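What follows is one structure encoded as structure tokens, with my remarks underneath.
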Amino acid sequence: MNAQTADQLIRMTYVSKATFTLISGQKEGYNRNIINILTTSRRQNRKNKLVGALYFGNNYFFQCLEGTQQHIDALYAKLEKDERHTELKVLSLEPIEKFAFSSWEMKYAAIDQEVPSFLKSYGLDKFDPYHFTPEMTAELISILQKASEGLADHQLKN
Ligand SMILES: Cc1cc2nc3c(=O)[nH]c(=O)nc-3n(C[C@H](O)[C@H](O)[C@H](O)COP(=O)(O)O)c2cc1C
């Protein structure tokens, strides 16, 4: 990898399956795994100049990450070994000119309201991002960008 490639800004979106489940009715902000993932992500991403957003629905993670190729590759290697999720699948990988998530070390996107109508517009009723088309992935990324923050640091219960 030459220096120019390593410094290229990249947006990577992947999906995975959580290996844990939320207790019925449990809010994400009270789930120890979610709290720990967000706390670590926000601390480390600030250090590694990574930004992005995370959505958790139907026990799947959908995460969009932006940063240099080098930092994204290093994080992906860690993500692959993380036992809190499995079956990682990269849905999109594209060079970008500038950050779309520049304000968020890791936004926990509050899009539970938007997701049902998004799915409905494609004739689907279950959130299963493994079967997303490139068009659906791009649309969900754009929904993530517009979303509000669902779990700010002060909402994470310790
Ligand atoms: C769904 C999911 C998303 C994650 N997102 C990030 C992230 O954006 N940044 C990050 O540093 N770690 C993230 N992690 C945690 C990493 O897998 C890893 O545990 C963490 O970076 C600590 O690495 P270290 O042990 O080398 O310090 C995520 C983990 C999961 C399960």
Side-chain angles (χ1 to χ4, degrees), residues 1 6-24 26-96 98-112 114-115 118-119 126-132 136-158:
M1 193 192 287
D7 289 343
Q8 169 68 52
L9 274 190
I10 297 284
R11 176 178 305 131
M12 184 195 72
T13 305
Y14 77 90
V15 293
S16 62
K17 283 184 187 162
T19 50
F20 59 90
T21 44
L22 290 191
I23 302 163
S24 170
Q26 185 185 37
K27 290 256 187 290
E28 293 98 319
Y30 288 85
N31 180 276
R32 185 50 46 200
N33 285 303
I34 305 268
I35 294 171
N36 290 346
I37 289 168
L38 283 177
T39 308
T40 312
S41 300
R42 286 170 180 169
R43 189 184 59 238
Q44 307 229 119
N45 291 355
R46 195 170 305 132
K47 207 169 65 193
N48 296 328
K49 297 192 173 58
L50 287 165
V51 293
L54 180 68
Y55 174 64
F56 182 69
N58 195 24
N59 251 57
Y60 296 121
F61 287 108
F62 183 99
Q63 188 175 31
C64 185
L65 287 157
E66 296 178 341
T68 62
Q69 177 86 61
Q70 195 179 18
H71 284 130
I72 297 275
D73 287 350
L75 176 56
Y76 196 74
K78 286 187 195 176
L79 288 169
E80 281 190 304
K81 290 192 208 126
D82 195 316
E83 292 181 354
R84 292 169 291 192
H85 65 172
T86 183
E87 294 177 48
L88 279 71
K89 179 184 177 189
V90 175
L91 292 186
S92 77
L93 188 61
E94 53 183 337
I96 52 170
K98 58 185 174 77
F99 294 119
F101 293 94
S102 52
S103 313
W104 296 279
E105 268 97 29
M106 190 43 60
K107 166 159 74 169
Y108 190 82
I111 55 170
D112 280 342
E114 288 85 344
V115 166
F118 161 73
L119 293 175
K126 263 213 156 108
F127 181 69
D128 179 1
Y130 285 91
H131 294 108
F132 278 10
M136 293 179 76
T137 301
E139 194 175 328
L140 197 61
I141 293 171
S142 136
I143 293 174
L144 289 182
Q145 283 170 20
K146 293 178 203 131
S148 52
E149 167 57 65
L151 282 177
D153 286 342
H154 70 273
Q155 291 171 295
L156 300 174
K157 312 293 174 197
N158 285 303

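Numbering of ligands and ligand atoms starts at 1, following listing order. Because the structure is a prediction, the values reported are computed rather than measured. Starting from 1, each residue takes its place in the sequence as its number.
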| query | Side chain of Tyr130, backbone of Lys17: donor and acceptor closer than 3.5 Å? | reply | yes

Distances for all N or O pairs of ligand 1 and the protein under 3.5 Å?
{"from": "ligand 1", "atom 1": "5 (N)", "to": "Ser41", "atom 2": "OG", "distance (Å)": "3.2"}
{"from": "ligand 1", "atom 1": "5 (N)", "to": "Gln63", "atom 2": "NE2", "distance (Å)": "3.1"}
{"from": "ligand 1", "atom 1": "8 (O)", "to": "Asn45", "atom 2": "ND2", "distance (Å)": "3.1"}
{"from": "ligand 1", "atom 1": "8 (O)", "to": "Gln63", "atom 2": "NE2", "distance (Å)": "3.2"}
{"from": "ligand 1", "atom 1": "9 (N)", "to": "Asn45", "atom 2": "OD1", "distance (Å)": "2.8"}
{"from": "ligand 1", "atom 1": "11 (O)", "to": "Gln44", "atom 2": "NE2", "distance (Å)": "3.4"}
{"from": "ligand 1", "atom 1": "17 (O)", "to": "Asp82", "atom 2": "OD2", "distance (Å)": "2.6"}
{"from": "ligand 1", "atom 1": "19 (O)", "to": "Asp82", "atom 2": "OD2", "distance (Å)": "3.2"}
{"from": "ligand 1", "atom 1": "19 (O)", "to": "Arg84", "atom 2": "NH2", "distance (Å)": "3.3"}
{"from": "ligand 1", "atom 1": "21 (O)", "to": "Gln44", "atom 2": "NE2", "distance (Å)": "3.0"}
{"from": "ligand 1", "atom 1": "26 (O)", "to": "Lys78", "atom 2": "NZ", "distance (Å)": "3.1"}

| Are Asp82 and Arg84 within salt-bridge range, i.e. N to O under 4.0 Å? | yes

| Partners of Thr40 by side chain to side chain donor-acceptor pair (under 3.5 Å), sequence neighbours excluded? | none

| note | Hits for salt bridge (Lys or Arg N to Asp or Glu O under 4.0 Å) against Lys89, two or more places apart or cross-chain, chain-then-number order -> none

| Quick one: does Ile34's side chain get under 4.5 Å of Phe61's, heavy atoms only? | yes

| With Tyr76 via ring-ring contact (aromatic ring centres under 6.0 Å, His included) - residues at least two apart | none

